[in-house]
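Right, one structure below, let's go through it.
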Amino acid sequence: MRFLRALLQAFVVATALAGAVGPAAALQPLSLQPDDQAVDLTGVVERPMGQPDRIQVATLPGADGIVRQIEVRSERHGDGRQWAVFALKNEGDEQIDRLLVSPHYRFVGSGALWPDLGEQRIQNVTASQGIRPDRQDADDSDTYVLTIDPGATVTYVVELSSPRLLQLTLWDPDAYKDKVNSFTLYRGILLGIGGLLALILTIVFVVKGSVMFPAAAALAWAVLFYLGVDFGFWRKVFDLAPETEQILRAGSEAAFAATLLVFLFAYLNLNRWHVRYAHIMGAWLVFLVALVWLAAYDAPVAAGIARLSLLGVAAAGFGVIVWLVTKGYDRAVMLAPTWLLLLAWVGAAGAAVAGALSNELVAPALVGGLVLIVLLIGFTVMQHAFAGGAVLHGAVSDIERRALAITGAGDFVWDWDVGGDRIHTSPELEQALGLKRGALEASPADWLEVVHVSDRDRFRAALDALLDERRGRLTETFRLRGSDGRYVWHQLRARPVVGADGEVVRCVGTLLDVNAGKTTEERLLQNAVHDNLTGLPNRELFLDRLEAALAFSRENPGFRPTVMVVDIDRYKKINDAVGVATGDTILITVVRRLSRLLKPQDTLARLSGDQFGVLLMSERDAAAIPVFAETLKRTLRSPIAFGGKEIFLTGSIGLVTGEAGPDVSGEELIKNAEVAMYHAKRFGGDHIEIFRPSMRAATTDRLLIAGELNRALERNEIKVFYQPIVRLDDRSIAGFEALLRWDHPRYGRRPTSEFIAIAEESGLIVDIGLFVLDEAARQLARWQAQVPGEPPLFMSVNVSSRQFLRQDLVQDIRNVLTRAALPEGSLKIELTESLVMQNPEHAAQMLTRLRELGAGLSLDDFGTGHSSLAYLQRFPFDVLKIDKSFVRPVGGGQRPILLSSIVRLAQDLGMEVVAEGVETDSDAVELFHLGCEYAQGFAFGEAMAADACDRMLGLAAPGVARRMMQGALRRG
């Protein structure tokens, strides 16, 4: 029967609610019992939608069974109001008072992204009957007193201030008071522990000097600040508004994540492992600090990012700690358990904010766990501090500081007890030498057994001097023998300790391993007087031994040392051909061969790159010395097998016998031997020359000329002369050959062959050759402009071997042709046959490039060098010059045959022929009949200056034509 009544009442309520303005209110009342202490209403309330400023709700039937409607007007203005409706029923016969509590902030279910940071939840509560609900003063929740009469069923309409209703609980007033008191005590304990921990870590930070202590103190203060916000401490102290509390909550979470990151970096000293960690941590820290400022503008966003960053710091920190634990880093080992607990705490906190853990005790437990973790971190830091991880500033005694300095420097303590006549050393010294423990705890006499035999007297004398002087410092370097027989250099630095009677009671100091420095010193000394490649004495050591030999010869007149200078011929070309590494191997082979010929009292030295000196002291017989030099020359001539090939070397040897006179110096002997060697090279190498005083005079003249040649271009002493080249058919001038002349102001005109050879040796030929090219091209351009004709005048210019081997020759000639603007082929580059045949492949390439520039090519001295007939077709020469030895051969008779053959060969190849050395008119006539086109020689004029050539061209008298000058030549 009761069931049918309840079903009927439900039907009536549903019908009434269907006609109401809003959606259905509470369908069933919640029955209250006097002994109920806490009832969660969050899941039983209904959330109907009302009109903009009011809501109408149908109540449940009361005791009289009548269903009523109530209308509640909103106390707030504006749109978007939220409502909640629930009904309570008192079935007892006594009045029931309950507290309706809705917290402003609840950690559980607050969310990870855009979390709910707390605000006012309930604006007003309206009862359908009975006593009006009364709001109670509470800082962290909306609390109302609800009174339900006996047997009454009351419908409550709740106007919400926030769209989110975190929790709605109906509390017994006494039970709620007990809960608040218990949590107040709990929070007070946590605040006390957190504050005490932050204070202790701050004190440790003041006392200790390591950066980990301020980082740990900052973390403790950040947690304490977070507790103050969570417990409402700062709200009560400063009477903060709910909006300000949201900013503080978001800022405290960001500060906690930032200080945790700083502590991790400082404690693990991550900058020690890689500077990249410092960059990552720095950027992350700047980001977290920016979150604190972001909290003032958008607290939920800042708090959400801070919570995600906390998860990232915990996870990344755990990975770094595990990695450092595998490397045996003690700080990481000590922090690992605490960080593992932190990682578990972050996981539990994440589950709580996501709503997976919703127990009432979850939030207090997490806060207590956070304090516990910070407490463990503080214990870890202090354990490291008091275990010697940091040094007390200002609290270390002078003795301790000295002991620490010796330990840090790696020195070994050395202590000689003079009274007990016993030396004590650090055990590390015996370990370094591989000796047994206590082997060096002995008397000074026993110590001499491990000191190098060459250092014993010096070691003993140093100790005796220290005892006699009773003052000063001892600094001595000696060698100690290890267990393997190897000696190690050590430096002893000690000072005496004088007793009351004025005698030395002990000597105390340190031993330092200086073996590396000594080895370096010996190596530098070796390198200073020896050649690095061959190990032979260098020039300085060779000179020192020669001076000693000369000093000995002055005491023994029958002894005269012999000095030889051996130079490998054309070694630079060999080195360029086979490479530097192979060239060094060849030198080492030569050294080994020469060393086998010498006796122990002789000296072989390397004076320069491929030049060696021999100090011969084993031979006393003057007749045997040239024989020995000949043996050296034959040894050098022996082929060297390398890489499946044989390399043949020759050497030029100059020798001089030392005189016993007091004015003879070793340096002078070496220079005399070098002069003799250079004279040997003038014979083509593979030659021996004995020094004669006349050699020095000739060499001096040659050196003087070389020095003057260096300044001849600047002084305008070198001139370009021009020898005419004529056509044999009409004896007209076809062109000129540019030749050099040097008129020295003191020595007069120098032979061309002499200063050209000197220029080749010194490298000045490049500058001189470029000067000739430029001057000849400029002069040719002037003549072509003043004496027009077809074909135009041409100019032949010789190019030396050093110029031809340079890759810059093509660019030089391009520049010359560009500046002078000469017709194509009128500037002819002359190359000798021997120069072209030195490297035919290179010559073919260079000649092709020169021909492409528009330069003419002339092959000079044809037939005097290698047989190059097979190469004539490959080389793009347009002129062939017949050497004067074919024009005027000694003995005559064969000239027509040879000349006609050469001329026909050149004509068949499409080349013009120029004959050199034409001295008579009959020579010119014969050459013309043989088919030769051009000739030059004394028959047509010697090399002359440009103004003389002007007169020959008829340029000296205005209006004189070129043909008149040519007719004059024919009449002459």
Side-chain angles (χ1 to χ4, degrees), residues 1-14 16-17 24-48 55 57-70 72 83-103 106 121-138 141-160 165-183 358-361:
M1 195 68 180
R2 184 178 299 175
F3 172 75
L4 292 176
R5 183 186 300 173
L7 184 60
L8 180 60
Q9 290 177 348
F11 176 76
V12 173
V13 170
L17 291 177
L27 298 179
Q28 290 184 354
L30 182 64
S31 180
L32 293 180
Q33 302 297 328
D35 55 350
D36 291 338
Q37 294 186 353
V39 179
D40 188 3
L41 301 179
T42 309
V44 299
V45 299
E46 291 291 337
R47 301 289 298 274
I55 187 173
V57 178
T59 66
L60 289 176
D64 54 3
I66 299 175
V67 177
R68 298 177 175 84
Q69 283 190 354
I70 61 173
V72 180
W83 305 88
V85 179
F86 64 92
L88 300 178
K89 181 178 181 181
N90 182 2
E91 295 181 348
D93 54 0
E94 294 182 359
Q95 181 177 291
I96 297 177
D97 292 329
R98 290 292 184 266
L99 294 178
L100 183 65
V101 179
S102 178
R106 193 165 181 258
R121 304 296 173 179
I122 299 177
Q123 179 68 28
N124 186 31
V125 178
T126 303
S128 62
Q129 63 175 331
I131 301 174
R132 178 181 179 180
D134 187 21
R135 177 185 283 272
Q136 302 292 308
D137 292 334
S141 64
D142 295 318
T143 306
Y144 288 83
V145 178
L146 305 183
T147 303
I148 304 99
D149 294 330
T153 299
V154 184
T155 301
Y156 292 93
V157 180
V158 180
E159 182 184 356
L160 301 178
L165 186 62
L166 300 179
Q167 189 179 31
L168 193 62
T169 308
L170 205 60
W171 281 92
D172 178 76
D174 294 332
Y176 183 71
K177 181 179 180 180
D178 294 339
K179 175 215 170 187
V180 171
N181 291 336
S182 62
F183 274 107
S358 58
N359 193 283
E360 190 70 24
L361 297 178

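Considering every non-hydrogen atom in both Trp83 and Glu159, the closest pair reads CZ3-CB, 3.8 Å. Nearest heavy atoms, Ser141 versus Tyr176: OG-OH, 3.7 Å. Shown here for Tyr156 and Pro133, the closest heavy-atom pair between the two residues is CE2-CG, 4.0 Å.
Between the CG atom in Leu146 and the CG atom in Leu99 there is a gap of 8.0 Å [rounded to 0.5 Å].
Looking at Asp142, Thr143, Asn124 one by one, the single match for side chain to side chain donor-acceptor pair (under 3.5 Å) with Arg135 turns out to be Asp142.
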Determine all donor-acceptor pairs shorter than 3.5 Å in which one atom belongs to a side chain in residues 165-172; sequence neighbours excluded.
{"from": "Gln167", "atom 1": "OE1", "to": "Arg106", "atom 2": "NE", "distance (Å)": "3.3"}
{"from": "Gln167", "atom 1": "NE2", "to": "Glu360", "atom 2": "OE1", "distance (Å)": "3.4"}
{"from": "Asp172", "atom 1": "OD1", "to": "Arg98", "atom 2": "NH1", "distance (Å)": "3.4"}
{"from": "Asp172", "atom 1": "OD2", "to": "Asp174", "atom 2": "N", "distance (Å)": "3.2"}
{"from": "Asp172", "atom 1": "OD2", "to": "Ala175", "atom 2": "N", "distance (Å)": "3.3"}

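Here the side chains of Val157 and Ile55 are in contact, with some heavy-atom distance below 4.5 Å. Side-chain contact between Ile70 and Thr59 is present, with heavy atoms from C-beta onward closer than 4.5 Å. By the 4.5 Å heavy-atom criterion applied to side chains, Leu100 and Val125 are counted as neighbours.
Sequence neighbours left out, not one pair with a member in residues 34-44 passes salt bridge (charged side-chain N to carboxylate O under 4.0 Å, His left out).
Qualifying side-chain contact (heavy atoms from CB on, under 4.5 Å) partners for Glu91, counting only residues two or more places apart in sequence or in other chains: Ser31, Gln33, Lys89. When the side-chain contact (heavy atoms from CB on, under 4.5 Å) test is applied to Leu30, the partners found at least two apart in sequence or on another chain are Val39, Leu41, Leu88. With sequence neighbours excluded, no residue forms a side-chain contact (heavy atoms from CB on, under 4.5 Å) with Glu94. Here Asp134 pairs with Gln136 under the side-chain contact (heavy atoms from CB on, under 4.5 Å) rule; sequence neighbours left out.
With Asp149 contributing its side chain and Gln95 its backbone, the two residues share no donor-acceptor pair below 3.5 Å. Under a 3.5 Å cut-off, the side chain of Ser128 and the backbone N or O of Thr155 do form a donor-acceptor pair.
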